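First up is the structure itself, then whatever we jot down about it.
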Amino acid sequence: MLRWTLLISLFGLPLAAPAPAQTAPSGPTASSSDPITPGGRRAERNVRRGVASYYARSLHGRRTASGERYNHNAMTVAHRSLPFGTLLRVEDERTGRRIMVRVNDRGPFVRGRVLDLSGAAADKLQMRRRGTARIGYEIVDPAALPSRRTPPPRKVRHF
């Protein structure tokens, strides 16, 4: 047996099967081709679609479900389930106009509608004459807004 071992080793043949090669770990962090955002998650837009309507002016000053008073001139919206204070980017699919609104009420309670916009928001989308509009909306992260980012470092002047 020793003689065969010497002959095999002289010719460079392996004595045993090679160990299986280790592979890179699989999972979300392993693929380097996926674009990753600074927060570590993939950049995905989650746009929801539906029909929006708007509040009547006669409700101005009444309490909303969040406890604040409804302001017909504020950029607010009612949604059935999103938490109060959630920022939404709403786009009218017909005109392409976009606005940013804050959820402060519950509703709409009409079948087939997903948002109830304030008067000012309806004016910005130019949907007052139509009464309703087909819209797309997505939740906006407040930390990603330009006004919420930390300012760049100031230049220090030494005299």
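All values reported here derive from a predicted model rather than from experimental measurement. Sequential numbering from 1 along the given sequence is applied to the chain's residues. Excluded from the calculations below are hydrogen atoms, water molecules and symmetry mates; all remaining heavy atoms, backbone and side chain alike, are included.
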Mind checking side-chain hydrogen bond (donor to acceptor under 3.5 Å, both in side chains) for Arg97 and listing every partner two or more places apart, or none if nothing turns up? Gln126
Same apolar cluster: Val140 and Met75, side chain cutoff 4.5 Å: no
When rounded to the nearest 0.5 angstrom, what is the spacing between NE2 in His72 and CZ in Arg57? 4.0 Å
May I have all residue pairs that pass salt bridge (charged side-chain N to carboxylate O under 4.0 Å, His left out) and include part of residues 115-132, sequence neighbours excluded? Asp92-Arg130, Asp123-Arg128
Ala120 to Ala74 - nearest heavy-atom pair and separation: CB-O, 3.7 Å
Contacts of type side-chain hydrogen bond (donor to acceptor under 3.5 Å, both in side chains), residue Asn73, not counting sequence neighbours: none
Could I get the full list of side-chain hydrogen bond (donor to acceptor under 3.5 Å, both in side chains) partners for Arg94, not counting sequence neighbours? none
Those residues that, when tested against Arg48, pass salt bridge (charged side-chain N to carboxylate O under 4.0 Å, His left out) (two or more places apart): none
Sequence neighbours excluded, which residues qualify as salt bridge (charged side-chain N to carboxylate O under 4.0 Å, His left out) partners of Arg106? none
All N/O donor-acceptor pairs, side-chain side in residues 79-90, below 3.5 Å, sequence neighbours left out:
unit_1	atom_1	unit_2	atom_2	d
His79	ND1	Ser81	N	3.0
His79	ND1	Leu82	N	3.1
His79	NE2	Tyr137	OH	3.2
Arg80	NE	Pro108	O	3.0
Arg80	NH1	Arg113	O	3.3
Arg80	NH2	Pro108	O	3.1
Arg80	NH2	Val110	O	3.3
Arg80	NH2	Arg113	O	3.1
Thr86	OG1	Pro83	O	2.7
Arg89	NH1	Glu138	OE2	3.2

Once ring pair (Phe, Tyr, Trp, His ring centres under 6.0 Å) is applied, what residue pairs with a partner in residues 99-136 remain, sequence neighbours excluded? none
Just jot down the side-chain hydrogen bond (donor to acceptor under 3.5 Å, both in side chains) partners of Arg63, sequence neighbours excluded, or say none. none
Could you report the tightest heavy-atom contact between Leu117 and Met127, atom names first, then the distance? CD1-SD, 3.6 Å
Shared hydrophobic cluster for Tyr55 and Val103 (ILVMFWY, side-chain gaps under 4.5 Å): no
Tell me every residue that passes salt bridge (charged side-chain N to carboxylate O under 4.0 Å, His left out) with Arg69, counting only those two or more places apart in sequence or in another chain. none
Identified side-chain contact (heavy atoms from CB on, under 4.5 Å) partner of Ser118 from the options Thr76, Thr64, Leu59, Asn71: Thr76
Quick one: CZ on Arg49 to CD on Glu91, what's the gap to the nearest 0.5 Å? 7.5 Å
Same cluster for Ile139 and Val101 if Ile/Leu/Val/Met/Phe/Trp/Tyr side chains link at under 4.5 Å? yes
Using the test ring-ring contact (aromatic ring centres under 6.0 Å, His included), find all partners of Tyr54 that sit at least two apart in sequence or belong to another chain. none
Parallel, tilted or perpendicular: rings of Tyr70 and His60 (30°, 60°): perpendicular
